[in-house]
Amino acid sequence: MLEDLSGKLESTLRRLRGYGKLTENNIADALKEIRRALLEADVNYKVVKEFIDEVQKEAVGEEVLKSVTPGQMIVKIVNDKLVKLLGTTATQIKSAGIPPTIIMIAGLQGSGKTTFSAKLAAWLQKRGRKPMLAALDVYRPAAIQQLKVLGRGLNVPVYEEGPGDPIRIGMNAVNAARRQMCDTVILDTAGRLHVDEAMMRELVNVKNRVRPHEILFVADGMTGQDAVNTASEFAEKLNYDGVVLTKMDGDTRGGAALSIRAVTGKPIKFLSIGEKTTAETIEPFFPDRLASRILGMGDVVSLVEKAQETIDQEKAAKLEERLRKNQFTLEDFLEQLQQIKKMGPLENLLGMIPGIGAQLKNVKVDPKAFSRTEAIIYSMTREEREKPQILNGSRRKRIARGSGTRVQDVKQLIKQYDQMKKMFKQMKGRPGKGLRGLPLNFM
Amino acid sequence: MFGKLKKGLSKTRGGVFGKINRILTAKRKIDDDLLDELEELLITADVGVSATLDMIENIRQKVRKEKYETTEELNRLIIEAVREELTFDEPPIPDSKPYVILMIGVNGTGKTTSTAKLAHYYKQQGKDVLLAAADTFRAAAIDQLATWGERLGVRVIRHQAHSDPAAVVFDACASAVASHADVLIIDTAGRLHNKVNLMNELEKINRVISRQIPDAPHEVILVLDAGNGQNAVQQAREFIKVAKVNALFLSKLDGTAKGGVVLGIKKELGIPVRYIGVGEQVDDMERFDAGAFVEGLFEKE
């Protein structure tokens with residue numbers, strides 16, 4: 001399904017090549033696909049609508065960078081905006097001036113509150129804190145037992161009073177924590193529907209009486225369109241400090257995260273991965289990762305970004321000029337090579353390109369081949385680099401010796417260079433085709 | 001019988017589908033704007049982009065062909081369209097003995113609670129029900145089912161925590177046969193559908209059941225959280241590979257979530273909704289009736 005989308009976008013975007021500027025017309029199809037991608041990722045309808053409108057406004061009139069295609073450019077704009085909307089990586093949990101710090105966990109039924117509570121305890125423990133768990137879910141059968149079992153496994157004390165009054169239990173838990181020198185109390189509350197007035201009132205009462213320093217809203221990563229309703233209702237009643245997305249080890253695209261962010265503005269603090277209750281199953285939230293997950297685009301965005309970062313626009317322009325005049329020399333070849341090297345391991349790079357990624361997924365690129373090529377070119381004289389046609393047998397032998405390679409290697413390089421030159425010749429007069437700054441083909 | 005359903009659905013109706021009525025009565029002509037709004041309503045109900053577009057296209061064609069003009073007519077058209085999508089098979093009446101039901105799904109959808117509801121449902125009909133606590137993984141899941149068993153007066157076959165769930169199932173099947181139980185309901189651990197090992201485990205459980213009792217499991221129920229979005233389709237797609245899922249239990253329909261994703265699942269995989277969950281009590285369950293469901297959704301206040 002994900003590949004589908006990526007492929008679809010790719011073909012839409014391919015049609016976009018060859019434009020110098022983004023206009024309302026030439027991006028309409030791409031935006032339509034992106035809209036669909038977002039909706040299929042479960043981002044709320046209204047949020048998508050607003051988002052697409054804004055992207056359109058921003059994109060129209062934008063100059064297309066030399067090193068990327070217009071299609072990639074839009075993806076980049078969309079992605080940047082998504083990342084910005086999704087917020088920052090924030091794993092800070094408020095702590096009390098005088099311990100214990102009280103953390104309250106709230107959310108719908110089955111979102112994973114109890115499991116997350118235990119994970120959080122493990123996570124805090126690993127950071128040198130001494131947490132206590134408190135069982136405030138007095139409704140679900142065996143919920144208390146569940147917390148006790150998890151606490152025992154972690155060696156974390158669990159405060160419980162059986163099926164009592166959650167407010168009372170919360171207050172008593174804080175006192176118990178103080179007595180047992182625990183610096184943090186995690187209140188695991190019962191799951192409830194946001195439309196259940198009595199149960200929501202109970203939560204507000206716990207908040208007002210027990211006074212937690214930090215309230216986390218736990219949301220199932222697979223949540224659909226309704227995420228906006230539940231998240232905003234909980235936010236209105238509790239004004240929570242952050243959001244936890246659970247079950248993110250599934251294959252959900254996680255669009256709910258964007259919906260929740262958009263309607264509540266609350267930061268996403270943690271992702272919860274897996275059922276084991278260890279510190280490692282809590283991950284900090286990285287907006288950029290989630291953005292490409294929501295878009296289902298592989299990492300084409302990172303590729304564009306890396307291209308932008310590392311490929312000097314001016315150099316690219318100069319190269320283009322030389323290509324146009326068919327003056328591509330080994331010197332340029334070397335420069336291209338170094339530009340690419342700056343972008344990181346080639347396997348990663350190839351994997352980032354949708355389409356190419358799939359074909360070359362298992363291709364291993366020898367990083368040494370790079371240095372060999374470099375060494376060979378470095379062993380040439382300036383004249384040889386500018387005019388490779390003067391390379392005769394004795395020159396090749398000298399170069400091979402100088403670079404610690406074999407004569408075949410030198411020959412091979414010259415062959416590659418010739419092929420590339422030919423390729424560029426074909427491309428001449430067709431500006432805007434292909435990944436101009438990225439002659440990956442010669443690898 | 002449908003009183004509870006209507007109560008549970010009242011919020012649903014007040015939400016998206018209630019809005020359909022408002023839009024339809026507020027406007028007169030069936031035009032593109034109206035269909036756009038309909039599209040928004042359906043997508044907001046988690047019906048999914050493709051299913052929604054298909055439905056809208058369907059309606060558009062019918063409107064063109066049969067010259068519908070008033071919203072009253074469109075109203076009927078939509079009800080028809082949804083009903084068509086949701087045509088379901090009548091829930092089977094247990095005739096084999098024991099009648100074996102396997103409950104499966106991702107984590108936190110409400111399998112254990114739904115298991116208890118079904119046990120209650122069959123018990124009410126005077127059936128002898130046996131439960132199997134095959135979720136040996138989640139802490140205290142066995143206790144949770146055992147508590148329900150006590151409350152309902154239903155026997156629960158259980159092993160130690162972290163024991164092999166297939167072994168629990170083996171014992172439960174043997175016990176159901178030996179004690180001439182009418183219905184055996186097996187509660188399994190929640191598992192994400194992309195976890196290969198866990199899905200293999202489920203396949204094994206399924207195999208153990210079939211070996212013990214021919215033709216069993218008679219009903220494999222995938223429990224879906226109504227709050228889930230399009231990932232539910234993916235869940236169904238994967239679960240159907242390891243167990244012959246033949247029914248959906250749509251849980252938590254008493255919130256504002258619409259569970260519209262079942263339309264897509266029915267369309268793509270042909271799995272009908274058979275039960276809906278509308279609360280945390282044992283009797284907060286209804287057998288799904290497409291007609292009543294759709295009527296309920298579009299009923300005028």
Side-chain angles (χ1 to χ4, degrees), chain A residues 1 35-37 39-46 48-49 108-115 118 139-153 191-196 219-230 233 246-247 249-256 274-275 277, chain B residues 11 15-16 39-41 43-50 52 106-110 112-113 116 137-148 150-151 161 189-195 225-235 237-238 251-252 254-261 279-280:
Chain A
M1 206 161 116
R35 172 179 183 264
R36 198 183 170 122
L39 286 175
E40 272 167 5
D42 288 324
V43 181
N44 181 266
Y45 189 89
K46 288 202 173 67
V48 171
K49 198 167 180 216
L108 298 175
Q109 289 99 337
S111 52
K113 288 173 299 302
T114 306
T115 305
Y139 306 100
R140 180 164 60 90
I144 297 168
Q145 184 61 21
Q146 185 182 354
L147 198 65
K148 274 167 76 179
V149 172
L150 294 175
R152 205 182 305 133
R192 64 203 74 215
L193 280 172
H194 54 296
V195 286
D196 189 331
D220 188 326
M222 295 178 275
T223 310
Q225 296 284 323
D226 198 44
V228 291
N229 297 327
T230 53
E233 195 63 33
T246 61
K247 309 177 201 173
D249 47 331
D251 54 6
T252 176
R253 302 259 299 278
E275 294 180 78
T277 48
Chain B
K11 278 178 204 107
V16 161
E39 179 196 284
E40 175 177 349
L41 290 174
I43 287 176
T44 317
D46 284 320
V47 171
V49 185
S50 335
T52 298
V106 299
N107 314 68
T109 56
T112 306
T113 308
F137 180 81
R138 181 165 59 89
I142 299 170
D143 296 309
Q144 187 179 345
L145 195 69
T147 307
W148 278 119
E150 255 167 61
R151 285 188 199 170
R191 65 199 76 225
L192 288 176
H193 49 287
N194 59 345
K195 300 280 163 82
D225 187 326
N228 271 193
Q230 298 311 302
N231 189 254
V233 184
Q234 192 59 22
Q235 292 169 28
R237 231 180 254 145
E238 292 302 319
S251 66
K252 310 182 199 174
D254 47 334
T256 46
K258 316 299 182 298
V261 70
E280 288 181 300

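Lettering follows sequence order; numbering is per chain, from 1. If you're wondering where the values come from, they're calculated on a predicted model, not measured in any experiment.
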Counting heavy-atom pairs closer than 4.5 Å to chain B, which one of [options] comes out on top?
options: A:D249, A:I144, A:N44; answer: A:D249
options: A:E233, A:K148, A:R140; answer: A:R140
options: A:G250, A:G221, A:A227; answer: A:G250

Which bit of [X] is near chain A, if near means a heavy-atom gap under 4.5 Å: side chain, backbone, both or neither?
X: B:V233; value: neither
X: B:E238; value: neither
X: B:T112; value: neither

Q | pair B:N107-B:L192: side-chain heavy atoms closer than 4.5 Å | A |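 Yes, their side chains come closer than 4.5 Å.
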
Q: For A:D226 and A:N229, test the side chains for any donor-to-acceptor distance below 3.5 angstrom and give the result as yes or no.
A: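 A pair is found: one side chain offers a donor N or O, the other an acceptor, under 3.5 Å apart.
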
Q: Any chance you could measure B:I43, atom CD1, to A:K49, atom NZ, to the nearest 0.5 Å?
A: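 Output value for this atom pair is 11.5 Å.
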
Q) Quick one: of B:I142, B:D143, B:T113, B:L145, who has the most non-hydrogen atom pairs under 4.5 Å with chain A? A)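 Sorted descending by pairs with chain A, the first entry is B:D143.
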
(Q) Evaluate B:K258 against B:D46 for salt bridge (charged side-chain N to carboxylate O under 4.0 Å, His left out), listing each step before the verdict. (A) CA-CA 7 Å; B:K258 316 299 182 298; B:D46 284 320; over 6 Å; no

**Q.** A:L108 vs A:L193, side-chain contact (heavy atoms from CB on, under 4.5 Å): CA-CA, chis, key distance, verdict
**A.** CA-CA 6 Å; A:L108 298 175; A:L193 280 172; 4.2 Å; yes

Q: Let me know if A:R35 has heavy atoms under 4.5 Å from chain B in its side chain, its backbone, both or neither.
A: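 Looking at A:R35, just its side chain touches chain B.
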
Q: Output yes when B:E40 and A:K46 qualify as a salt bridge under the 4.0 Å nitrogen-oxygen rule, no when they do not.
A: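 Result for this pair is yes, salt bridge flagged.
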
